[in-house]
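Here is the structure we will look at.
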There are 2 protein chains.
Amino acid sequence: MTDEARAYHHGDLRAALLDEAAAMIAEGGAASVTMRGLGRRVGVSRAAAYRHFEDKTALLVAVAAAGFSRLNDRLAAVDASAPRSGVERIRRMGEEYVRFALENPAQYRLMYGREAIARRDLPELREAGNALFEQLVDMIQAYQESGKIKRQDPRAQAYVAWSAVHGLASLLIDEQILTAVDVDGLIRQTTRTVWDGMRVRRRRGA
Amino acid sequence: MTDEARAYHHGDLRAALLDEAAAMIAEGGAASVTMRGLGRRVGVSRAAAYRHFEDKTALLVAVAAAGFSRLNDRLAAVDASAPRSGVERIRRMGEEYVRFALENPAQYRLMYGREAIARRDLPELREAGNALFEQLVDMIQAYQESGKIKRQDPRAQAYVAWSAVHGLASLLIDEQILTAVDVDGLIRQTTRTVWDGMRVRRRRGA
DNA sequence: ACTGTATGTTGACATCGTCAACACTGACGA
DNA sequence: TCGTCAGTGTTGACGATGTCAACATACAGT
């Protein structure tokens with residue numbers, strides 16, 4: 001065998017396939033990923049991937065799972081470094097979430113797309129998605145306990161907040177929002193509005 | 001020629017194709033639509049559709065446009081019948097929007113999916129989508145003028161509101177939200193939160 | 001050295017979108 | 001009445017795709 005990678009066996013084909021597939025998705029969307037094209041780019045035959053993934057969908061789902069895990073890490077980093085309370089924290093988290101979507105539009109779309117749904121049974125995917133949500137629920141619970149926001153079902157509140165950022169991210173990457181608008185400002189306004197809507201407010205009547 | 005439809009010529013193949021494609025999408029998602037399968041179901045050859053649509057994507061985009069127009073109609077109906085002001089109006093509109101998505105998940109997905117984006121140039125699609133948004137902007141402007149909600153850029157506020165309902169609809173149809181939750185309650189809480197976040201509120205400090 | 005298992009390759013097949021060539025039909029002008 | 005022509009539908013063919021079965025190669029443990 002020569003020294004470098006190219007013997008009959010690859011070394012770590014699985015990882016190489018995931019990386020290259022992610023690159024193809026970033027370049028041309030999930031639809032542009034082809035078993036044959038992928039094999040060509042990795043320097044391997046068209047059917048080689050089937051030794052590591054049950055089928056094409058499984059490969060895409062694995063890329064989606066990797067996306068969730070990257071997103072988790074980024075949010076956790078912000079969670080650790082952001083100010084302890086107030087709108088600012090929420091804003092930073094929401095901003096990071098949307099920014100991830102904008103930087104990885106095709107992968108983000110894949111994470112919430114049909115293939116991913118079809119294989120929700122895969123623990124890899126399920127756990128990554130759930131971790132994200134639970135992180136959000138915890139945050140909301142903390143805000144409730146410190147008396148900043150209304151005491152409602154924290155999961156319902158989490159769904160509301162998630163809806164807002166996910167909706168904004170989706171509309172942005174699907175180019176439904178005029179590109180002329182100030183994206184950062186829109187993110188700020190979205191998180192601000194949701195935050196204000198959740199804050200406790202004084203009653204004046206009965 | 002026999003009396004009924006089946007001569008060599010079809011009569012209104014274009015409409016029949018659109019209907020049948022919509023049915024296939026509802027049954028098995030956009031990915032299940034096949035030119036050959038579609039032709040088979042309509043009782044026509046595989047290439048017949050090409051006399052009416054440039055290619056498969058154009059056909060799907062036409063179905064998406066029809067979806068926008070149906071959604072427009074439904075929202076307009078609610079707009080006409082809902083109480084003139086207050087949260088209730090917002091809630092009814094949001095509810096109708098999400099309900100449409102839940103009743104037509106695959107078509108809703110198509111309306112905001114890749115193919116539709118690729119052909120945004122088609123006036124049919126562009127107009128339908130814009131009409132929807134302008135309707136929302138008008139509503140928000142009216143609320144601003146009656147002093148109910150903050151005077152901010154109405155388009156920005158519209159984006160925020162749209163993000164919330166679109167996000168909620170997306171999460172629901174993509175099964176990211178546990179099916180156990182009370183959907184109507186969640187819709188209510190979402191619109192309520194956005195509404196409260198937009199309302200004018202008294203300052204206590206400077 | 002032998003053998004089994006993991007990994008990679010090649011050949012083949014059905015299915016798909018699409019195009020070019022052809023066929024049928026109805027309408028309109030001579 | 002007939003001929004022509006544009007509109008509409010059909011068939012044959014092609015290249016690309018996902019996937020399977022059969023085969024080849026490499027490595028690990030006896």
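Per chain, numbering begins at 1; letters A, B, ... match sequence-line order.
Atom-to-atom, CZ of B:R14 to C1' of D:dG7 comes out at 15 Å; the value is rounded to the nearest Å. Rounding to whole angstrom units, CG of residue A:L38 and C1' of D:dA16 are separated by 16 Å. Atom-to-atom, CZ of B:R40 to P of D:dT11 comes out at 13 Å; the value is rounded to the nearest Å. Here D:dC14 presents its P atom at 13 Å from CZ of B:R46, a figure rounded to the nearest Å.
Ion pairing of A:D73 with A:R70 is absent here, as no side-chain N (NZ or NE/NH1/NH2) approaches a carboxylate O to less than 4.0 Å. Look at B:R192 and B:D196 and you find a salt bridge, because one of the NZ, NE, NH1 or NH2 atoms lies within 4.0 Å of a carboxylate O, short of that distance. A salt bridge is absent between A:R14 and A:D19; no separation between the charged side-chain nitrogens and carboxylate oxygens falls under 4.0 Å.
Note: B:Y108 and B:Y112 have tilted aromatic rings, judged against thresholds of 30 and 60 degrees for the angle between ring planes. Ring pair A:W162/A:Y159 is parallel by interplanar angle, where below 30° counts as parallel and above 60° as perpendicular.
Looking at residues 56-64 of chain B, you'll see that no heavy atom sits under 4.0 Å from any atom of DNA chain D. For DNA chain C, the neighbouring residues in residues 16-36 of chain B, judged by any heavy atom under 4.0 Å, are B:V33, B:T34, B:M35, B:R36.
Side-chain contact between A:R89 and A:D79 is present, with at least one heavy-atom pair separated by less than 4.5 Å. Looking only at side-chain heavy atoms (C-beta outward), A:T191 and A:V87 stay at 4.5 Å or farther from each other.
The side chain of B:H52 contributes an N or O atom lying less than 4.0 Å from OP1 or OP2 of D:dG9.
Side-chain N/O atoms of A:R51 and base N/O atoms of C:dT9 include a donor-acceptor pair closer than 3.5 Å.
Looking at residues two or more places apart in sequence or on another chain, you find a side chain to side chain donor-acceptor pair (under 3.5 Å) between A:E88 and A:R91.
Looking at the side chain of B:D55, the nearest of the listed nucleotides C:dT18, C:dT9, D:dT11 is C:dT18.
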